[in-house]
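Residue numbering restarts at 1 for every chain, and letters A, B, ... go by the order of the sequence lines. This one's a predicted model, so the numbers in the text were calculated from it and none came from an experiment.
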Protein chains: 2
Amino acid sequence: MAQKRYLQIYGTMKERIQQGVYGVGSYLPSENELCNIYGMTRTTIRRALDELQREGFIVREHGRGSRVLERRQALGLLAVKGFSEAVGQDVRTRFLQTPVIGPWPSSLPWMPDENERGAPAIFFERLRGVGTDPVMLESNWFSSDGLETILNTPFEEDSFFKTLSSRYLIEVTGSEQELRALHAEDKTAGLLKIKPGEPILHISIRFSTSRPRFFIYSILKCNTAKYPIGNVYKHPI
Amino acid sequence: MAQKRYLQIYGTMKERIQQGVYGVGSYLPSENELCNIYGMTRTTIRRALDELQREGFIVREHGRGSRVLERRQALGLLAVKGFSEAVGQDVRTRFLQTPVIGPWPSSLPWMPDENERGAPAIFFERLRGVGTDPVMLESNWFSSDGLETILNTPFEEDSFFKTLSSRYLIEVTGSEQELRALHAEDKTAGLLKIKPGEPILHISIRFSTSRPRFFIYSILKCNTAKYPIGNVYKHPI
DNA sequence: TAGTGGTCTAGACCACGGT
DNA sequence: CCGTGGTCTAGACCACTAG
């Protein structure tokens, strides 16, 4: 085998996207067409497209096709995944603010669209720590439209996403993130027990969901001095 | 369909790993055994295991099996992928130090093992920028053992990884990363044209390769003020 | 050599989007 | 209704590990 077949098609498609043969916003040939063109089965074609999607070159749209995405201005270095209760064993959570109705924040990398701003936001805030060390301040916003009842009942198993799923049948389908290193403001510094101005890692996330035009916005402010954010990754490609 | 079958098996295996039914360092039942146990085909089983691997719960070992990994001390929030020339279009690179023989650094999250320290390190450093803005200082170390000839010849297409691959047949197979927000030291601040003490995002990476016990260590110091690190991710699960 | 994971084929049926 | 992507089956052959 000279090269893996899914790598051939992956490389070809990536090249053509970068060269503009398949322009931003346009659709790739359908999976069945690619099968015929390249003489591979759908499994192999799909494997290549899966990786292109993971790297943010395309999105698959059920019933429509695979659309070419705009390359982002930010440095595309990290393939980031969502929450998925990935925090470890010893993590403790304390509510600083249980869900309340409030205004939308002004400091997000993504502006909530008109549809979302039609209803006020629901906001909640938690402090997460390992043992007795506070390490992360988590702030969350989402549209109250249709979710007012979440104000009156506690989360299931302390998990917001599980509650969304089981009570409202809303599933997280994707996320978009930005990482920044910033000075800690006084409030954050106090909560994380560090000096104001110390560097803090800000992770801003926009979760997309199975409910159209419903997003969840989160800002995580992490003290990485003792617990850096980390992971292992084995390249599938 | 009550639930997708690959999600069933994914959830079951994840639960058992977290509960210690499959302890750290042990091997999961083989893919064929799982097929029989759960009455699914290998494709479906493998899809679940693929995701567990992506999230860092297991590693697949060709010819041996799927081994359960230790959950890391760091907060496991990001599934991070490697370089893969992911930096954008306008990115310019300037060598601050072309490859030279030198001592191993002392400030890495992972200590090079005895085998690697048997030979001195090769070090090189680059400044990467978008247009005229410097945004990232990249420092790299790896063992000189068998790679001395890399000192005398420029990289192919400016890419270290391409050079490794074509000239030494060494491929990157995985990476491990840690993210920290830190104060900029004077030297870094000068190069990135910011004030000393400003917050800087440090990304420490250990690349593993197809050559056993040969790793590449990188530290990226990023000024995220203008260009945050970012990405999109569509959850496959 | 036996067993494992890695790649690939050739189908099937379903859910979704647009006509 | 048809074409799209999403899930799944039932095989095949290969490459790697270990006894």
Side-chain angles (χ1 to χ4, degrees), chain A residues 1-13 22 25-54 57-69 169 171 173-174 208-213 234-237, chain B residues 1-11 13 22 25-54 57-69 169 171 173-174 208-212 234-237:
Chain A
M1 184 195 317
Q3 202 198 11
K4 289 153 197 167
R5 307 195 72 184
Y6 70 87
L7 284 185
Q8 292 175 18
I9 173 70
Y10 163 80
T12 305
M13 299 310 285
Y22 299 126
S26 70
Y27 288 85
L28 300 184
S30 78
E31 295 177 356
N32 281 318
E33 286 171 342
L34 291 172
C35 293
N36 296 330
I37 296 172
Y38 295 98
M40 307 175 185
T41 55
R42 245 184 97 204
T43 311
T44 307
I45 295 290
R46 281 182 61 76
R47 183 157 178 183
L49 296 185
D50 283 345
E51 186 56 24
L52 288 171
Q53 169 161 291
R54 242 191 300 281
F57 288 95
I58 61 171
V59 266
R60 324 289 277 290
E61 295 175 357
H62 197 165
R64 274 201 290 265
S66 297
R67 192 163 48 85
V68 176
L69 288 179
L169 303 178
E171 309 289 344
T173 56
S208 48
T209 70
S210 52
R211 188 168 140 185
R213 294 185 304 285
K234 179 166 176 186
H235 294 187
I237 207 147
Chain B
M1 185 194 316
Q3 201 198 12
K4 289 155 197 165
R5 306 195 72 182
Y6 72 87
L7 283 185
Q8 292 175 17
I9 173 70
Y10 163 80
M13 301 308 286
Y22 299 125
S26 70
Y27 288 85
L28 299 185
S30 77
E31 296 177 355
N32 280 319
E33 285 173 338
L34 290 173
C35 293
N36 296 330
I37 296 173
Y38 295 98
M40 306 175 186
T41 54
R42 245 184 97 204
T43 312
T44 308
I45 295 292
R46 281 182 61 78
R47 183 157 178 183
L49 296 185
D50 283 346
E51 186 56 23
L52 288 171
Q53 169 162 292
R54 241 190 301 281
F57 288 96
I58 62 172
V59 266
R60 325 289 280 288
E61 295 174 358
H62 195 167
R64 272 200 293 265
S66 298
R67 191 161 49 84
V68 176
L69 287 179
L169 304 177
E171 308 289 343
T173 57
S208 47
T209 69
S210 52
R211 187 167 141 185
K234 178 163 175 187
H235 294 185
I237 207 148

Between [X] ([atom1]) and [N] ([atom2]), how many Å, whole number?
X     : N      : atom1 : atom2 : result
A:L34 : C:dC8  : CG    : P     : 15 Å
A:R60 : C:dG17 : CZ    : C1'   : 16 Å
B:D50 : C:dC8  : CG    : P     : 14 Å
A:I45 : D:dG6  : CD1   : P     : 14 Å

Using a cut-off of strictly less than 4.0 Å, decide whether [X] has a side-chain nitrogen or oxygen near OP1 or OP2 of [N].
X     : N     : answer
A:S30 : D:dT4 : yes
B:T44 : D:dT9 : yes
B:R47 : D:dG6 : no
B:Y6  : D:dC8 : no

Rounded to the nearest 0.5 Å, what's the gap from [atom1] on [X] to [atom2] on [Y]? Could you check?
X     : Y     : atom1 : atom2 : answer
A:M13 : A:L52 : CE    : CG    : 7.5 Å
A:F57 : A:Y10 : CZ    : OH    : 5.5 Å
A:T44 : A:R5  : OG1   : CZ    : 6.5 Å
A:L49 : A:S66 : CG    : OG    : 5.0 Å
B:M40 : B:I9  : CE    : CD1   : 5.5 Å
A:T41 : A:R46 : OG1   : CZ    : 11.5 Å

Side chain to side chain contact (heavy atoms under 4.5 Å, CB included) between A:L28 and A:V68, intermediate numbers included: CA-CA 7 Å; A:L28 300 184; A:V68 176; 3.9 Å; yes

Beyond-backbone contact of A:T12 with A:Y38, side-chain heavy atoms, under 4.5 angstrom: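 SC-SC contact between A:T12 and A:Y38 confirmed.
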
Given D:dT4, D:dT9, D:dT7, the nucleotide with the shortest approach to the side chain of B:T41: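 Comparing D:dT4, D:dT9, D:dT7 against the side chain of B:T41, the answer is D:dT9.
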
Listed nucleotide nearest any side-chain atom of B:R46, set D:dT9, C:dG6, D:dG5: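 So the side chain of B:R46 is nearest to C:dG6.
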
Helical stems, DNA chain D - three or more consecutive Watson-Crick or G-U wobble pairs below 3.5 Å: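 The stems are C:1-18 with D:1-18.
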
Heavy-atom donor-acceptor pair, A:Q53 side chain to A:R60 backbone, under 3.5 Å: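 Yes; at least one donor-acceptor contact below 3.5 Å.
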
Donor-acceptor pair, side chain of A:E33 and main chain of A:S30, under 3.5 angstrom: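 Yes, the answer is positive, given that a donor and an acceptor are paired below the 3.5 Å cut-off.
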
Test item: side-chain donor near acceptor, A:Y27 and A:E61, under 3.5 Å: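 Judged by distance alone, the side chains do pair up.
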
What's touching nucleotides 16-19 of chain D from the protein side, N or O pairs under 3.5 Å?
unit_1, atom_1, unit_2, atom_2, d
D:dT17, O3', B:R64, NH1, 3.0
D:dA18, OP1, B:R64, NH1, 2.7

Between the protein and nucleotides 11-13 of chain D, list every N/O to N/O distance that falls short of 3.5 Å.
none

